[in-house]
Amino acid sequence: MFYPSDKPEAALYEAIYSLSQDSSEAFSLMRAVPDISSFSLSDAGVIGDVIGKSAENVFSRYSDYLACFSRDAMPYSILFPESCYFPEEKGDYFPVIYASGNMKLLSSQRVTIIGMPRPSMQGKTDTAKAVSYFAEHGVTIAVPLDSGVGLLATKLALKAGAPVIAFLSTPLSGAESDEMMEIQAEIFANGLLLSIFPPFQKSERWHVMIRNRFIASVSSSVFLAEEKDGGPAWSIFDKVLLNGGRAMLSSSMLEVPSYKWARMRLESGALSYSSASDLRRIIPKAIHISEEPDLFS
C-alpha cells in the first residue's frame, strides 16, 4: 500500500520532532497547520515560536524530510492514531508509524518473542518450542528483528508458515546486513514490517532503545526466552508487565545461579513457562477492526 497524500503530514511531524524531541507536541503542532500542502515560511514561524526555533530552521528541516519521503520508492503506509489499523499504545507515545506489508496482522492474536543476542542452547530450544506452539495455534509472532532470539524466532516462524510482525530499528527500506535485507523482503511478502523511523533517517545504535520502547508500548503479550540480568530485553518485558500486559519468562532461567532478575519478575507478577500448555495463558484475544477503504491496492 502507498499513500502519497500522507507524506507532507509525516514529514512535518518528523521535522518538528527532530527539533523539539517531544512527540506529543510535534504531532499537535503538525495537526494545527491549516493546509500542510501549502506549508509556508509563515506557518514555520508559528511553530518555531512554540519550540524556540527560527522559521527558517523549521521550514528547511521540513523541506529536507519531504524530499527524503519523495525519494523512497518502497511501498508503505503511514499510520496515524485515527487509522483503524493503529495499534493500542500503552506507555510511550508514538503517533506516526510506518508499515509495510499485511496491516491486518495488527488486529490478529499476537505474542512478542524477545531474548538475548547470543542465547544458549536452552534459550534456542525454548524459542523453538514457543514458535512451534504459536504457529500451530494460528498466533502471529512479533519480534524485534535483531540477531539472536529475534532472528531465530523469525526464521523458525517463516519456515513454519506463521505470520510475522517485525519491529525494525532502521527505516523500512534499511537493513543492518544483506541477510537482514533478504529476511525483511520475505517478511514483507507474507507478514508486516513496522518502524517508527522515517525514510532515509541515518541509523544509530541508540535507535534500538527507542525501538524497544515502541515494542513495549504496542505489545500486550510477551515471551522472554532467555536474557541475562540487566540485558536489553528486560526493558521490553518490564514495561509490558508494568502496563498490565501478559509477560511470561522461561523457567530455565531460574536454574542459572547468575540470573537473579527472572525470579524477581515472578515475584512481581510475571508468568513462568515450563511446558507448551503454559503458553496459552499469554495468547490475547483478537481485535476486530472495521477496515479503511484501500484506494491503492
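Quantities reported herein were computed from a predicted structural model and do not represent experimental measurements.
Summarising the geometry of Leu224 relative to Gly115, their closest heavy-atom pair is CD1-CA, 4.0 Å, with the distance given to 0.1 Å. Closest heavy-atom contact between Leu105 and Pro163: CD2-CB, 3.7 Å. The heavy-atom pair separating Leu168 from Phe197 by the smallest distance is O-CE1, 3.9 Å. Nearest heavy atoms, Leu241 versus Ser268: CD2-O, 4.1 Å. Residues Gln201 and Pro171 share a closest heavy-atom pair of O-CG, 3.5 Å. In this structure, Gln21 and Ser18 approach most closely via the heavy-atom pair NE2-O, 3.4 Å.
Between the CD1 atom in Ile141 and the OG atom in Ser132 there is a gap of 9.0 Å [rounded to 0.5 Å]. In this structure, OH on Tyr65 lies 13.0 Å from CZ on Phe200, to the nearest 0.5 angstrom. Atom OG of Ser147 is separated from atom CZ of Arg118 by 7.5 Å, given to the nearest 0.5 angstrom. From Ser63, atom OG reaches atom CG of Leu12 across 10.0 Å, with rounding to the nearest 0.5 Å. To the nearest 0.5 Å, atoms OG (Ser23) and OH (Tyr93) are separated by 7.0 Å. Here the CD-CZ distance, from Gln109 to Phe134, works out to 10.5 Å after rounding to the nearest 0.5 Å.
Val208 is not connected to Met181 by any chain of hydrophobic side-chain contacts under 4.5 Å among Ile, Leu, Val, Met, Phe, Trp and Tyr, and they are in different clusters. In the hydrophobic clustering of ILVMFWY residues, with side-chain heavy atoms under 4.5 Å counting as a link, Ile114 and Val256 come out together. No single ILVMFWY cluster, assembled from side-chain heavy atoms under 4.5 Å apart, contains both Val33 and Val46.
Residue pairs meeting the salt bridge (charged side-chain N to carboxylate O under 4.0 Å, His left out) criterion with at least one partner in residues 252-266, sequence neighbours excluded, are Asp238-Arg265. Screening residues 194-220 for salt bridge (charged side-chain N to carboxylate O under 4.0 Å, His left out), with sequence neighbours left out, gives Asp92-Arg213, Asp146-Arg211. Each salt bridge (charged side-chain N to carboxylate O under 4.0 Å, His left out) pair with one or both residues in residues 122-134, not counting sequence neighbours, would appear here, but there are none. Applying the salt bridge (charged side-chain N to carboxylate O under 4.0 Å, His left out) test to pairs two or more places apart or on separate chains, those with a residue in residues 155-169 are Lys155-Glu179.
Of the residues Leu158, Ile165, Leu192, the one that meets the side chain to side chain contact (heavy atoms under 4.5 Å, CB included) test with Ile187 is Leu158. No option in Phe27, Tyr13, Phe86 other than Phe27 meets the side chain to side chain contact (heavy atoms under 4.5 Å, CB included) test with Phe80.
For Lys239 (side chain) and Ala216 (main-chain N/O), no donor-acceptor pair under 3.5 Å exists by modelled atom type. Under a 3.5 Å cut-off, the side chain of Glu226 and the backbone N or O of Pro119 do not form any donor-acceptor pair. In this structure, the side chain of Ser107 engages the main chain of Lys104 through a donor-acceptor pair within 3.5 Å. When atom types are taken as modelled, the side chain of Glu9 and the backbone of Ile36 share no donor-acceptor pair closer than 3.5 angstrom. No donor-acceptor pair under 3.5 Å is formed between the side chain of Thr127 and the backbone N or O of Ala225. Remark: side-chain polar atoms of Ser235 are paired, donor with acceptor, to backbone N or O of Pro232 under 3.5 angstrom. Side chain of Ser203 to backbone of Thr170: no donor-acceptor contact under 3.5 angstrom is found. Looking only at distances, a side-chain donor or acceptor of Asp229 sits under 3.5 Å from a matching main-chain atom of Trp261. Remark: the backbone N or O of Gly245 is not paired with any side-chain donor or acceptor of Ser220 at under 3.5 angstrom. Formation of a donor-acceptor pair under 3.5 Å by the Trp234 side chain with backbone atoms of Lys228 is found in this model.
Proximity of Pro199 to Tyr76: side-chain heavy atoms (C-beta onward) are separated by under 4.5 Å at one or more points. Side-chain atoms of Phe39 and Ile47, non-hydrogen and from C-beta on, do get closer than 4.5 Å to each other. Proximity of Leu194 to Tyr98: side-chain heavy atoms (C-beta onward) are nowhere separated by under 4.5 Å. Proximity of Tyr273 to Ile282: side-chain heavy atoms (C-beta onward) are nowhere separated by under 4.5 Å. In this structure the side chain of Ser252 never reaches within 4.5 angstrom of the side chain of Tyr259, judged on heavy atoms. Side-chain contact between Pro8 and Ser37: absent, with no pair of heavy atoms (C-beta onward) separated by less than 4.5 Å. Taking the side chain as every heavy atom from C-beta outward, Thr112 and Val240 never approach each other to under 4.5 Å. A 4.5 Å side-chain heavy-atom check between Glu25 and Ile16 finds every atom pair outside the cut-off.
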Criterion side-chain contact (heavy atoms from CB on, under 4.5 Å) on Phe188 and Leu172, from CA distance to verdict: CA-CA 10 Å; Phe188 168 72; Leu172 291 173; over 6 Å; no
What verdict does the side-chain contact (heavy atoms from CB on, under 4.5 Å) test give for Val139 and Leu279, after you've listed the backbone C-alpha separation in whole Å, the side-chain angles of each residue and the deciding distance to 0.1 Å? CA-CA 11 Å; Val139 176; Leu279 294 169; over 6 Å; no
Report the C-alpha distance between Ile97 and Tyr85 in whole Å, list the side-chain angles of each, state the deciding distance to 0.1 Å, and finish with yes or no for side-chain contact (heavy atoms from CB on, under 4.5 Å). CA-CA 10 Å; Ile97 301 171; Tyr85 294 112; over 6 Å; no
Under the side-chain contact (heavy atoms from CB on, under 4.5 Å) criterion, do Leu151 and Met180 qualify, and how do the steps go? CA-CA 9 Å; Leu151 183 58; Met180 286 295 192; 4.1 Å; yes
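Within a 6.0 Å radius of CG in Asp178, no more than 12 heavy atoms belonging to other residues, nucleotides or ligands are found. Few gaps surround CZ on Arg31; more than 12 heavy atoms of other groups in view lie less than 6.0 Å from it.
Not counting sequence neighbours, the partners of Thr140 by the side-chain hydrogen bond (donor to acceptor under 3.5 Å, both in side chains) test are Ser108. The side-chain hydrogen bond (donor to acceptor under 3.5 Å, both in side chains) check on Asp43 picks up Ser40, with sequence neighbours excluded.
Judged purely by distance below 3.5 Å, without hydrogens or angles, the side chains of Ser274 and Ser251 pair a donor atom with an acceptor atom.
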